[in-house]
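Notes follow once the structure below has been shown.
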Amino acid sequence: MRKKVEQIIKKSISDQFAIDIDCEITHPPSEDLGDYSTNVAFLLAREVHKSPKEIAEEITANIKDNKIEWAKPVNGFINIMLKKEEWLNELKRANNPNYGDSDKKKNKRILLEFVSANPTGPLHVASARAASFGDSLASILKSQGFDVDCEYYIDDIGKQVELLGKSILSKVKELQGEPAELPCDGYSGEYIEELAKKAIKECPSDYSSFGVKEVLSMQKNTLDRFRVHFDKWVSEKEIREKGMVNKVIEDLSSVKPSPLIQKDGALWFAGEKRERVFIRSDGTPTYIVPDIAYHLNKFERGFEHLIDLLGPDHIDHIPELKKSLALLGHPEENLEVKIIQWVTLKRGDQTVKMSKRSGEFITIDELIDEVGIDAARFFFLMRKASIPMDFDLDLAKEQSERNPVFYVQYGHARISSLLDLAREKGYSTDSQNNLALLEKDEELRLIKKIPEFKEVLEDAAKIREPHLVAYYLLDLSKIYHNFYQGVRIIGGEAELVLPRLFLSNVVRNVIARGLSLLGVSAPVRM
RNA sequence: GCCCCUGUAGCUCAGUGGAUAGAGCACCGGUUUCCUAAACCGGAAGUCGUAAGUUCGAAUCUUACCAGGGGUACCA
């Protein structure tokens, strides 16, 4: 519907002023100002040397389109009310489980990388946020016609991995009654003991790769359970073994002028603001070099646009990563980095202390056990990525009206049960009869809210923020509950039973689709 | 010191250059012989951290400052 209004406005402007302009179509602040609103008159003012007020008046006076009920200028804004018939036609189109999906294919292959946690321990809550976010963003982008692959990068080589091996070995010795010392900054926690017990049975030749293999399979199970899907898991070790790291250094050296500098026995990269070590004096590359290699590999595999969801601890590397890729022929705008801020767990007012070293941290599995998958995912997705969030465990598991996830799910369950009852009584739930009789405020508000789902999905895909969907669903549910409370459906006015059931059915589809894009279940009964 | 994030109602947060800044919770009052009350309706609640700047227009962009959090390894 927004697109239709945009076309109408654009056409009207090109007819009157012979100008092609990008116009923004929004919803006016109050319903009685109309369905849609645009600011084009302000934007045109400079071009055509007239006041916005005059322009708005001219446009509204000459606008001609049979979809429009009226168009009015208000202080330079142009407000538009569409004909009810248009809304009803859209409502009919919305009776479709994939309503909201874009039918236009975007010819761009996107690679979305997220979580990519070290394979040295169970995934914890920060990864849960990234996992929820990435998985949902991928679904939203796909719904809008993007070709998206999700990838997980495994840091299966390096000091942390060695440390994992040593930590397991030390635990093995301890369990066998031999003198053992936990390496300093080594890993501890229950999982190390379990891995050690398993190692005793299997006698691996290499404790590090044994540990990585086991931890990775734990992480995969957790992510499966959390309904998070990856198309591919990429091993850093393999990237190194294929010589891709050396290739990066070679290629960067042949850039003129070369950004690489030999200093203090190490090889440094000269960034814009600072220098950073790429090859240590012992000859091993730092984290960032294989990361550059990995990103190049993504481009080589045919992905045109890369999105990385990173934790705030990786911010420091972004400039060098982008700069290196740019020097090697991939413009900075082809890599989009989104920071997913940390999560602080709370129980009411109390902060839950987390420390990886001591092994005291809440894992995704513990989180799922405590609050459930739906509440966990919905809570993470109610916040935009850039804000450090507090996650209140008490509220998330509270089964009450204070908990937003239940509010939306309850809406779905309520409608499902209503539709079941209607079918039992022999009513059709997708009959298009008498839709034009819907005219109460509660009904019209609902009819006009449904097409907004499309707009919300477009916007969420554009700014890469699933929280817009969560907020929309809360809004839609509220409007539905208000409608439900305000009118009697089965047993109400006879000629309105079918249209109200139809409307309810469409709302149910939209809620179910929205929840599925967030990875949250839509229960039929609660 | 430098870098990043945040600052909007009592609390948690929407608002990604537009109109009188919104919602949930909490608080106060009301609604059920009736399809799910996990619901609905009404009320009260604001120096958008501060100050300048850009703009026809700023919570939104720029700069400086204040406050809170995080980072600042030849770890990842």
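Hydrogens, waters and symmetry mates play no part in the numbers below; they use all other heavy atoms, side chains included. All of these numbers come straight from a predicted model, not from anything done at the bench. We name chains A, B, ... by the order of the sequence lines, and we start the count at 1 in each one.
The base of B/A76 is paired with the side chain of A/His317 by a donor and an acceptor separated by under 3.5 Å. A donor and an acceptor atom sit less than 3.5 Å apart, one in the side chain of A/Asn79 and one in the base of B/A19.
The side chain of A/Lys478 lies closest to B/G24, out of B/G15, B/G18, B/G24. Of the candidates B/C40, B/C35, B/G70, the closest approach to any side-chain atom of A/Trp342 belongs to B/G70. The side chain of A/Ala266 sits closest to B/C74 out of B/A14, B/C74, B/A76. When the nucleotides B/C35, B/A38, B/C75 are ranked by their closest atom to the side chain of A/Leu421, B/C35 comes out on top.
Between A/Phe77 and B/A19, a base-stacking contact is recorded: ring centres under 5.5 Å apart, planes less than 30° from parallel.
For the pair A/Glu452 and A/Lys448, the salt-bridge criterion is not met [side-chain N within less than 4.0 Å of a carboxylate O].
No contact: A/Val408 has no heavy atom under 4.0 Å from any strand.
Heavy-atom contacts from other residues, nucleotides or ligands closer than 6.0 Å to NZ of A/Lys338 number more than 12.
When ring centroids are compared, A/Tyr410 and A/Tyr407 stay outside the 6.0 Å threshold.
Classified by interplanar angle (parallel below 30°, tilted 30° to 60°, perpendicular above 60°), the ring pair A/Tyr294/A/Tyr153 is parallel.
For B/G22, the paired nucleotide is B/C13, the pair qualifying as Watson-Crick or G-U wobble because both relevant distances are below 3.5 Å.
Rounding to whole angstrom units, OH of residue A/Tyr472 and C1' of B/A14 are separated by 16 Å.
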